[in-house]
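Residue numbers run from 1 in the order of the sequence given.
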Amino acid sequence: MSVANLARPEIRKLQPYKAAMQIDDTVRLNANEAPWNSSGDRFRRPLNRYPEIRPARLQRQLSRRFGCESDQLLVTRGSSEAIDLLLRAFCRADVDNVVTLAPSFSMYAHYAEIQGAEVREVALPRDRDFDADTNAILAACDDQTRLVFVCTPNNPTGTTVPRQKIVELLQSRRDKSLIVVDEAYIEFSDASSCADMLDAYDNLVVLRTLSKALAFAGVRCGTVMGNLQVIGMLNAIQAPYALATPVVECVENALQADQLEQAAQGVALIVEERERVTDALGGHELVEKIWPSSANFFLMQVSNAEAVVAACKERNILLRYFGGSLADCIRVTIGSPEENDTLLGAFDSLAGARS
């Protein structure tokens with residue numbers, strides 16, 4: 001069975017919007033565009049014209065960077081849009097369900113709830129350092145499970161899911177579910193991308209983003225990679241002209257060799273700082289446990305987490321508090337060396353205030 005048959009029937013029939021024809025060096029009187037440029041236009045492509053329906057050059061650049069064929073990839077407004085597109089394509093309201101890990105990125109459940117799909121959470125046990133149990137994940141699946149989300153490195157725990165476990169999920173749910181591997185933080189880990197398995201598994205979908213390692217969160221650009229039929233359906237759902245001209249040109253610039261080298265140096269510094277900060281806080285009297293992380297953040301258990309977050313905020317330091325099953329935990333993003341020193345100083349002052 002083709003994995004495309006898992007999609008909603010009406011989506012399988014959907015055709016992409018037919019936008020006005022775009023041909024360079026022509027008199028364009030077919031798209032109701034303004035015939036002059038704005039005085040504020042400082043881009044290579046004129047802003048009085050619509051951007052490409054899909055940015056072909058950028059698509060080729062990103063496919064080379066992320067290791068897939070150009071037609072296996074769709075450029076999206078951050079990887080969050082890719083999650084939304086997948087939910088809309090594959091889940092029928094009040095019929096289908098998705099399986100996620102808990103704790104993990106909350107937007108999987110958020111978009112599922114918007115779509116009216118049931119969310120089934122599989123707990124990551126803290127006493128096993130949030131290690132994913134494939135048997136538990138598979139036990140949560142049934143005939144209506146359309147998507148299984150696996151974030152690796154996982155947000156907010158920073159832990160990774162070994163490739164062999166992902167292969168087990170792909171094989172066990174072949175023709176039954178899409179396994180969506182979210183690799184937003186993979187550049188900060190030693191793991192290799194699952195994109196090299198796209199040809200082997202039709203039910204594999206891989207998400208990547210430029211927000212983290214490339215330091216481009218503000219441009220909102222990500223990708224979804226997968227089976228040609230899956231990408232074709234997501235393309236039909238995505239709005240035309242989804243990527244604005246300034247965003248496209250900004251990302252094209254960021255993908256030049258010198259910029260990628262700078263980004264790689266930045267990633268190396270973040271990893272170095274992650275080890276320095278976690279080592280410094282590991283024996284701190286306020287810190288009860290720090291979980292090993294493969295991301296640009298780490299999760300730590302502290303005494304009176306909510307109060308610590310509030311006290312740091314008073315010192316102009318913002319940390320992430322989740323509550324619920326992580327009510328005694330804080331997620332800390334690795335900043336610049338100076339910002340990290342400020343954090344360490346704040347923890348020392350908090351400990352001094354208690355004594």
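Hydrophobic clustering (ILVMFWY, side-chain heavy atoms < 4.5 Å, transitive): Phe216 and Val267 are in distinct clusters. Hydrophobic clustering, with ILVMFWY side chains joined whenever heavy atoms are under 4.5 angstrom apart, keeps Leu47 apart from Val251. Cluster annotation: Val287 and Ile317 are assigned to the same hydrophobic cluster (Ile/Leu/Val/Met/Phe/Trp/Tyr, side-chain heavy-atom contacts under 4.5 Å, transitive). The same ILVMFWY cluster, assembled from side-chain heavy atoms under 4.5 Å apart, contains both Ile290 and Ile270.
Sorted by first and then second residue, the ring pair (Phe, Tyr, Trp, His ring centres under 6.0 Å) pairs with a member in residues 116-161 read Tyr108-Phe149, Phe130-Trp291; sequence neighbours excluded. Screening residues 225-252 for salt bridge (Lys or Arg N to Asp or Glu O under 4.0 Å), with sequence neighbours left out, gives Arg44-Glu252, Arg45-Glu249, Arg45-Glu252, Arg57-Glu252.
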Worked verdict on Phe66 versus Val206 for side chain to side chain contact (heavy atoms under 4.5 Å, CB included): CA-CA 10 Å; Phe66 294 144; Val206 179; over 6 Å; no
Candidate pair Thr152 and Ile186, rule side chain to side chain contact (heavy atoms under 4.5 Å, CB included), full reasoning: CA-CA 7 Å; Thr152 179; Ile186 195 168; over 6 Å; no
Chi angles and distances behind the salt bridge (charged side-chain N to carboxylate O under 4.0 Å, His left out) call for Arg126, Asp131: CA-CA 8 Å; Arg126 287 176 61 161; Asp131 183 42; over 6 Å; no
Stepwise side chain to side chain contact (heavy atoms under 4.5 Å, CB included) test for Leu87 and Leu147: CA-CA 8 Å; Leu87 264 297; Leu147 304 169; 3.7 Å; yes
Audit row: Thr145, Val98, side chain to side chain contact (heavy atoms under 4.5 Å, CB included) steps and yes/no: CA-CA 5 Å; Thr145 302; Val98 303; over 6 Å; no
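Atom CG of Asp25 has 12 or fewer heavy atoms from other residues, nucleotides or ligands within 6.0 Å. Open room surrounds CD on Glu306; 12 or fewer heavy atoms of other groups in view lie less than 6.0 Å from it. Counting non-hydrogen atoms of neighbouring residues, nucleotides and ligands closer than 6.0 angstrom, the OH atom of Tyr50 reaches no more than 12 such neighbours. Around the NZ atom of Lys289, the shell of radius 6.0 Å holds more than 12 heavy atoms that belong to other residues, nucleotides or ligands.
Heavy-atom minimum distance, Val119 versus Ala112: CG2-CB, 3.6 Å. Considering every non-hydrogen atom in both Leu204 and Cys194, the closest pair reads CD2-O, 3.3 Å. The heavy-atom pair separating Pro156 from Leu326 by the smallest distance is CG-CD1, 3.8 Å. Of all heavy-atom pairs between Arg174 and Ala200, the closest is NH1-O, 3.6 Å. Here the closest non-hydrogen pair linking Leu299 and Cys329 is CD1-CB, 3.9 Å. Heavy atoms only, all atoms of each residue included: Leu124 and Pro103 are closest at CD1-O, 3.6 Å.
Classification of Asp279 and Arg274 as a salt-bridged pair fails, no side-chain N sitting under 4.0 Å from a carboxylate O.
Here SG of Cys141 is found 7.5 Å from CG of Asn97. Values are rounded to the nearest 0.5 Å. Here CZ of Arg331 is found 10.0 Å from CG of Leu319. Values are rounded to the nearest 0.5 Å. To the nearest 0.5 Å, atom CZ of residue Arg49 and atom CD of residue Gln22 are 10.5 Å apart. Summarising the geometry, atom CG belonging to Leu344 is positioned 9.0 Å from atom OG1 belonging to Thr342; distances are rounded to the nearest 0.5 Å. Here the OG-CG distance, from Ser80 to Leu207, works out to 9.5 Å after rounding to the nearest 0.5 Å. The OG atom of Ser106 sits 9.5 Å away from atom CD of Glu113, with the distance rounded to the nearest 0.5 Å.
Taking the side chain as every heavy atom from C-beta outward, Leu73 and Gln59 approach each other to under 4.5 Å. No side-chain heavy atom of Phe105 sits less than 4.5 Å from a side-chain heavy atom of Thr100. Under the 4.5 Å side-chain criterion, counting only non-hydrogen atoms from C-beta, Met197 is in contact with Arg163.
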If you look only at distance, which donor and acceptor atoms sit under 3.5 Å apart when one is on a side chain in residues 166-173 and the other is two or more places apart or in another chain?
unit_1: Glu168; atom_1: OE1; unit_2: Thr134; atom_2: OG1; d: 3.2
unit_1: Glu168; atom_1: OE2; unit_2: Thr134; atom_2: OG1; d: 3.2
unit_1: Gln171; atom_1: NE2; unit_2: Tyr201; atom_2: OH; d: 3.1
unit_1: Ser172; atom_1: OG; unit_2: Glu168; atom_2: O; d: 2.9
unit_1: Arg173; atom_1: NE; unit_2: Ser177; atom_2: OG; d: 3.0
unit_1: Arg173; atom_1: NH2; unit_2: Asp142; atom_2: O; d: 2.9
unit_1: Arg173; atom_1: NH2; unit_2: Ser177; atom_2: OG; d: 2.9

Review item, side-chain donor-acceptor pairs of residues 258-265, under 3.5 Å, at least two apart:
unit_1: Glu261; atom_1: OE2; unit_2: Gln265; atom_2: NE2; d: 3.2

Counting only pairs under 3.5 Å, give me each side-chain donor-acceptor contact of residues 229-236, with atom names and distances, residues two or more places apart or in other chains.
unit_1: Gln229; atom_1: OE1; unit_2: Ser2; atom_2: OG; d: 2.6
unit_1: Asn235; atom_1: OD1; unit_2: Arg54; atom_2: NE; d: 2.6

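The distance between the ring centers of Tyr185 and Phe297 falls below 6.0 angstrom.
Applying the side chain to side chain contact (heavy atoms under 4.5 Å, CB included) test to Asp84 and every residue at least two apart in sequence or in another chain returns Arg88, Tyr111.
Here the side chain of Arg12 pairs a donor or acceptor atom with the backbone of Asn5 at under 3.5 angstrom. Lys165 places a side-chain N or O within donor-acceptor distance of the main-chain N or O of Ala132, the cut-off being under 3.5 Å. Under a 3.5 Å cut-off, the side chain of Glu339 and the backbone N or O of Ser336 do form a donor-acceptor pair. Using modelled atom types, no side-chain atom of Thr160 and backbone atom of Pro162 make a donor-acceptor pair closer than 3.5 Å. A donor-acceptor pair under 3.5 Å is formed between the side chain of Ser189 and the backbone N or O of Ala191. Between the side chain of Asn30 and the main chain of Met21, a donor-acceptor pair closer than 3.5 Å is present. Side-chain atoms of Ser79 never come within 3.5 Å of backbone atoms of Ala82 as a donor-acceptor pair (strictly under, hydrogens ignored).
With hydrogens and angles left out, the side-chain atoms of Asn340 and Glu273 include a donor and acceptor closer than 3.5 Å. In this model, no donor atom of one side chain and acceptor atom of the other lie less than 3.5 Å apart for Asn154 and Thr159. Under the 3.5 Å distance criterion, with hydrogens and angles disregarded, a donor-acceptor pair is assigned to the side chains of Glu81 and Gln238. Using a 3.5 Å distance cut-off with no hydrogens or angles, the side chains of Gln115 and Arg92 do not pair a donor with an acceptor. If you check the side chains of Arg315 and Ser349, you find a donor sitting under 3.5 Å from an acceptor. With hydrogens and angles left out, the side-chain atoms of Asn227 and Gln72 include no donor and acceptor closer than 3.5 Å.
No cation-pi contact links Arg146 to Phe90, judged by a cut-off of 6.0 Å to the six-membered ring centre and 45° from its axis.
Classification of the Phe347-His284 ring pair by plane angle, with boundaries at 30° and 60°, yields perpendicular.
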